[in-house]
Amino acid sequence: MFGEFKEVMTKEFEMTDIGLMTYYLGIEVNQREDGSFISQAGYAREILKKFRMDNSKSINTPVECGVKLSKHDEEEKVDPTFFKSLVGSLRYLTCTRPDILYVVGLVSRYMEDPTTTHLKIAKRILRYIKGTIDFGLLYSTSNHFKLEGYSDSDWGGDIDDRKSTTGFVFFMGDTAFTWMSKKQPIVTLSTCEAEYVAATSCVCHAV
């Protein structure tokens, strides 16, 4: 099928077959017998070097459990341009790293007026990346195509506006193919309501 498709395309357009994909927009593709493994290890190393964290001590988690941040933090302010550059770099890394999506979304809320506390959390993410630099996603060769989805939410997790955060991930077989962590658009009045909003957005995304 792929051979026929390439033949049709080369007749219609001027094209060159350069073989199996190995690199695309900062994403490394390792095509092996058990499937295709994608990662952004090289890009992660560039980020660590850019923000002078390549010699930092690695850490096991991207954020401490239960950490709460606020826009009204009275700590010293930091350069918002530098902070935006750091968070923007981290956001692109979430293309293959769903494990950092929640905390990257968390620090993204404070890009307009960041403080040393917010910067400390962002740098902790870099320390976590240093210890997990080869993490990525394996799209395995399997006949197991069962669709599975998981969703969760906190309740009133944002202490500034009392909005909750939704998180979900979908698997096709053993492979995660879509994920999200996002603050909910409304203020929910109970944990049950927050979970219902999360489940609804999860279903709408799947459809």
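Inter-residue side-chain proximity for Gln40 and Cys95 is flagged as met; some heavy-atom pair is nearer than 4.5 Å. No side-chain heavy atom of Glu193 sits less than 4.5 Å from a side-chain heavy atom of Ser164. A heavy-atom distance below 4.5 Å is not found between the side chains of Asp154 and Thr191. Annotation: side chain of Asn60 is not in contact with side chain of Tyr128 (no heavy-atom distance under 4.5 Å). Residues Phe82 and Leu119 meet the side-chain proximity criterion, which asks for heavy atoms closer than 4.5 Å. Within the 4.5 Å cutoff, the side chain of Ser58 has no heavy atoms near those of the Arg127 side chain. With a 4.5 Å cut-off on side-chain heavy atoms, Ser108 and Arg91 count as touching. Looking only at side-chain heavy atoms (C-beta outward), His72 and Asp160 come within less than 4.5 Å of each other.
Criterion: ILVMFWY side-chain heavy atoms under 4.5 Å apart, direct or through other members. Under it, Leu90 and Phe51 are part of a common hydrophobic cluster. By the rule that hydrophobic residues join a cluster once side-chain heavy atoms approach within less than 4.5 Å of another member, Phe13 and Val8 end up as members of separate clusters. Placement of Tyr102 and Trp155 in two distinct hydrophobic clusters is found when ILVMFWY residues are connected by side-chain heavy-atom separations under 4.5 Å, directly or transitively. By the rule that hydrophobic residues join a cluster once side-chain heavy atoms approach within less than 4.5 Å of another member, Val29 and Phe37 end up as members of separate clusters. Under the 4.5 Å side-chain contact rule for hydrophobic residues, Val197 and Val187 do not share a cluster.
Counting non-hydrogen atoms of other residues, nucleotides and ligands closer than 6.0 Å to CG of Asp161 gives a total above 12. With a 6.0 Å radius and a threshold of 12 heavy atoms from other residues, nucleotides or ligands, Arg32 has its CZ atom above the threshold. No more than 12 heavy atoms of other residues, nucleotides or ligands sit less than 6.0 Å from atom OH of Tyr196. Counting non-hydrogen atoms of other residues, nucleotides and ligands closer than 6.0 Å to NZ of Lys84 gives a total above 12.
The closest donor-acceptor contact from the side chain of Arg162 to the backbone of Leu189 lies at 3.5 Å or more, if one exists at all. Listed for the Asp152 side chain is no donor-acceptor partner under 3.5 Å among the backbone atoms of Gly167. Distance alone, capped at 3.5 Å, places no donor-acceptor pair between the Glu148 side chain and the Met172 backbone.
The heavy-atom pair separating Leu137 from Ala176 by the smallest distance is CD1-O, 4.3 Å. Taking every heavy atom of both residues into account, Ala122 and Leu86 meet most closely at CB-CD2, 3.6 Å. Minimum heavy-atom separation, Ala41 to Glu28: N-OE2, 3.5 Å. When all heavy atoms are compared, the tightest approach of Arg124 to Pro62 is CD-O, 3.5 Å. Among all heavy-atom pairs drawn from Ala44 and Leu93, the shortest one is CB-CD1, 4.3 Å.
The six-membered or imidazole ring of Tyr92 lies near that of Tyr43, with a centre-to-centre distance under 6.0 Å.
With Val78 as reference, Thr116 is the one residue of Asp113, Thr116, Thr115, Thr117 to meet the side-chain contact (heavy atoms from CB on, under 4.5 Å) rule. Of the listed residues (Lys163, Lys71, Lys183, Lys68), just one forms a salt bridge (Lys or Arg N to Asp or Glu O under 4.0 Å) with Asp158, and that residue is Lys183.
Salt bridge absent: Asp54 and Lys130 never bring a charged side-chain N and a carboxylate O closer than 4.0 Å. Looking at Glu7 and Lys11, a side-chain N of the basic residue comes within less than 4.0 Å of a carboxylate O on the acidic one, giving a salt bridge. The pair Lys120-Glu75 does not count as a salt bridge, with every side-chain nitrogen at least 4.0 angstrom from each carboxylate oxygen.
Separating the OG atom in Ser201 from the NZ atom in Lys182 is a distance of 9.0 Å, to the nearest 0.5 Å. Interatomic distance, Asp99 CG to Ile125 CD1, rounded to the nearest 0.5 Å: 10.5 Å. The CZ atom of Arg52 sits 13.5 Å away from atom CG of Leu126, with the distance rounded to the nearest 0.5 Å. Rounded to the nearest 0.5 Å, atoms OH (Tyr150) and CZ (Phe170) are 11.0 Å apart. Expressed to the nearest 0.5 Å, how far CD of Gln184 lies from OG1 of Thr200 amounts to 9.5 Å. Here Glu195 contributes atom CD and Ser151 contributes atom OG; the two are 6.5 Å apart, rounded to the nearest 0.5 Å.
Under 3.5 Å, the side chains of Ser153 and Thr166 contain no donor-acceptor pair of N or O atoms. Between the side chains of Thr132 and Arg97, at least one donor-acceptor pair of N or O atoms lies under 3.5 Å. With hydrogens and angles left out, the side-chain atoms of Asp34 and Ser140 include no donor and acceptor closer than 3.5 Å.
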Apply side chain to side chain contact (heavy atoms under 4.5 Å, CB included) to the pair Val67 and Leu106, showing each step before the final yes or no.
CA-CA 10 Å; Val67 69; Leu106 183 63; 4.2 Å; yes
Check step by step if side chain to side chain contact (heavy atoms under 4.5 Å, CB included) holds for Thr175 and Leu138.
CA-CA 7 Å; Thr175 302; Leu138 175 64; over 6 Å; no
Could you walk me through whether Ser85 and Lys50 pass side chain to side chain donor-acceptor pair (under 3.5 Å), step by step?
CA-CA 10 Å; Ser85 177; Lys50 176 180 178 181; 3.2 Å; yes
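Ring orientation note: the planes of His118 and Tyr110 are close to parallel, at an angle under 30° on the 30°/60° scale.
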